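The structure displayed is predicted, hence computed values, not measured ones. Letters A, B, ... are given to chains in the order of the sequence lines, protein chains preceding strands, and every chain is numbered from 1.
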Amino acid sequence: MNTVELGTQATDRAVNANDADVPFIRVRNLTKVFLARKSKRMRLFPGRQAAKGFTAVNDVSFEVQRGQIFVIMGLSGSGKSTIIRMVNRLIDASDGAISVGGKDVCSLGPTELRAYRNQTINMVFQHFGLFPHKSLIDNVAFGLKVRGVDKGIREAKAAEALRLVGLGDRIHAMPDQLSGGMKQRVGLARALATDAEILLMDEPFSALDPLIRKEMQELLIKLQRNFKKTIIFVTHDLNEAMYLGDRIMVMKQGKDIQNGTALDLLEAPADPYIEEFVAEVDRSRVLTAGLIARHRHVGQPDGPVRPSDGAERVSEGTVLHELLPVFAAGAERIGVVDQQGESIGIVTAEDVFAALSPKGFSNAS
Amino acid sequence: MRLNIGDWFASMINWMLANFGGFFDAVSWLVNLLVGEVANVLIGLHPFLVIAVLAAAAAALTRSLGLTVFSVLAFLLIVSMGLWPEAMSTLAVVLVSVVFSLAIGIPMGIWAALNNTVSKIVRPVLDLMQAMPVFVYLIPAVFFFGVGMVPGIAATIVFAIPPAVRLTELGIRKLDLELLEAATAFGAKRSLILKDVQLPLAFPSIMAGVNQVIMLALSMVVVAGLVGAGGLGGVVVQGVAQLDTARGFEGGVAVVILAVYLDRVTSGAQSLGDVLRRRRTRKEQRAAAASDPAAAVS
């Protein structure tokens, strides 16, 4: 019943995802200057105002397509959290423009802003942001309660969202009875329950143990396959950024220094800062079979891999690390298929080695 | 150069008395009526009935057998000392003062928590109210309201408001910023955030404020006895005036019994939230046991 309800949403989105050429979120020259305290006094000297302020975000522009995971990567203080808070106006921008679905976010009035926050956009927090005095189901239903949805309907939806994240049997538990990973599952369910199209995730997995973090990343990918949300994901972990991100924007001291795919960052780091980051990345766990197959495909079309080739077949999301045993077992080439089972191309052992060595792609081609 | 601040204050009081005399008379009449009614009810009922109700309240709010037994025995002691009517009249004064203090203090605290300017103005006023020796309030209060219960209650309210304001403001302000962001990010109105998130989470702090208000109000009882408020304060003051050690001690013991009872019961109510939560947890466990554990999706 409710499964159907949430499920149809996904197919609707899939249709919408076809008009992906138009950027869904468009951010232009976004700037945020935090004024120092006692700003009243400084207003007497307008010239000094800028000098006294702290520029958290400096002239940043980017676009996010519908259904994309857009990762903003940077160390603390780089302004990444400020950016996503400007997208849902928890923080007002000092300058620049943000448009979502063609609508100017910065000029929304109070009522429109509440409607926008409630229906279009949602947020998942680093420390979960769960209400400790509400049970899980009440936490998840909060957005719907704000919307004025009837208790019965909102609880059914909340229970369904909790089931999706694997907490269907604990809907009446209180947040303090849960582990960190479970809490963030609730945070995720809360964001899913309102059917908002955009998801802002502010370092959602940073407070979790490495193993749980991996599990949550996989859960997010799994959910994203069904829901096709448009996600802006903030992290300071480049491995995470590359694993999740369709596009990655690297921030440093309020500026965006590179904006591209994981492969772009690996192959052509824009500056020594990113190069340093990239050196730390475990390529075998970041690069996927699909990425390699597509890259190879550009130069030399392989033609479809037929089952009769006898080659192993893996899905495009498989990381290279998982291909190694297959090659070790003697396979020469591995077929790569997308989610629908359509062939994308093949990957050979040489491709994998080339991809794993630094600057591997450029050297190989 | 000598600044006659005291004279200015006195003439301000005189001016207020001359211009708002009717208002003070009306307040005096109303408060007298209110306290009188509450006291009449408490004294009019049979002591054993009142003791049963007080003990039941202790049992319900604290779920402590020891405190329940203690309150029965202690109140019986008051009856046997022959101080029951005085104790009930004091309880009536305390209850009315506390209701007024909370009715002013809690909304004030909420306002101060939501508005920095209000907070900045309120803080020094509260400091003044708390630090000023209480007797100082009594003098103008007697001018305004005449001798009796009302000036005692007025002074008690002034003295007891600050913790209600402070602890309410603190409880709301110390809320985790992320929770506030989360509620805002879901498009909630400020009024809903206040009602649904800020106040419930500030509840323990607000209850600590209620507890403080009650204890301060009770501590004012003896002082209020000086201006003829009667009750246990009157008994103690009488004992002091007549150098009657026995009478004074009995009045003091009765005050202590009331204090211990009110303190334990109200601080027990603070943890009422935990009790409800535990009950909820049990409900969840039952629900989980009833549903198929295999239904869990990993």
Given a strict heavy-atom distance threshold of 4.5 Å, which part of A:Tyr116 is in contact with chain B: side chain, backbone, both, or neither?
neither
Let's test your reading of the structure: which of A:Asn88, A:Ile121, A:Asn122 forms the most heavy-atom pairs below 4.5 Å with chain B?
A:Asn122
With a 4.5 angstrom heavy-atom cut-off, could you sort out which part of B:Leu179 is near chain A: side chain, backbone, both or neither?
both
For A:Val165 and A:Arg185 the tightest heavy-atom approach is O-NH1, 2.8 Å
Close aromatic pair by centroid cut-off 6.0 Å: B:Tyr261 and B:Phe75
yes
4.5 Å side-chain heavy-atom contact, B:Ser191 and B:Lys195
no
Centroid-centroid distance, A:Phe131 to A:Phe142, less than 6.0 Å:
yes
For A:Arg147, which atoms come within 4.5 Å of any heavy atom of chain B: side chain, backbone, both, or neither?
neither
Is there a donor-acceptor contact under 3.5 Å linking the side chains of A:Arg114 and A:Gln119?
no
In residues 119-126 of chain B, what donor-acceptor pairs under 3.5 Å come from side-chain atoms, sequence neighbours left out?
unit_1	atom_1	unit_2	atom_2	d
B:Ser119	OG	B:Arg123	NH2	3.2
B:Ser119	OG	B:Glu169	OE2	2.7

With a 4.0 Å cut-off on N to O distance, would you call B:Asp196 and A:Lys145 a salt bridge?
yes
Please state whether the rings of A:Phe34 and A:Phe54 are parallel, tilted or perpendicular, taking 30° and 60° as the class boundaries.
parallel
What are the residues of residues 199-220 of chain A, in order of number, with any heavy atom under 4.5 angstrom from a heavy atom of chain B?
none
Answer with side chain, backbone, both or neither: which region of A:Thr194 has an atom nearer than 4.5 Å to a non-hydrogen atom of chain B?
side chain
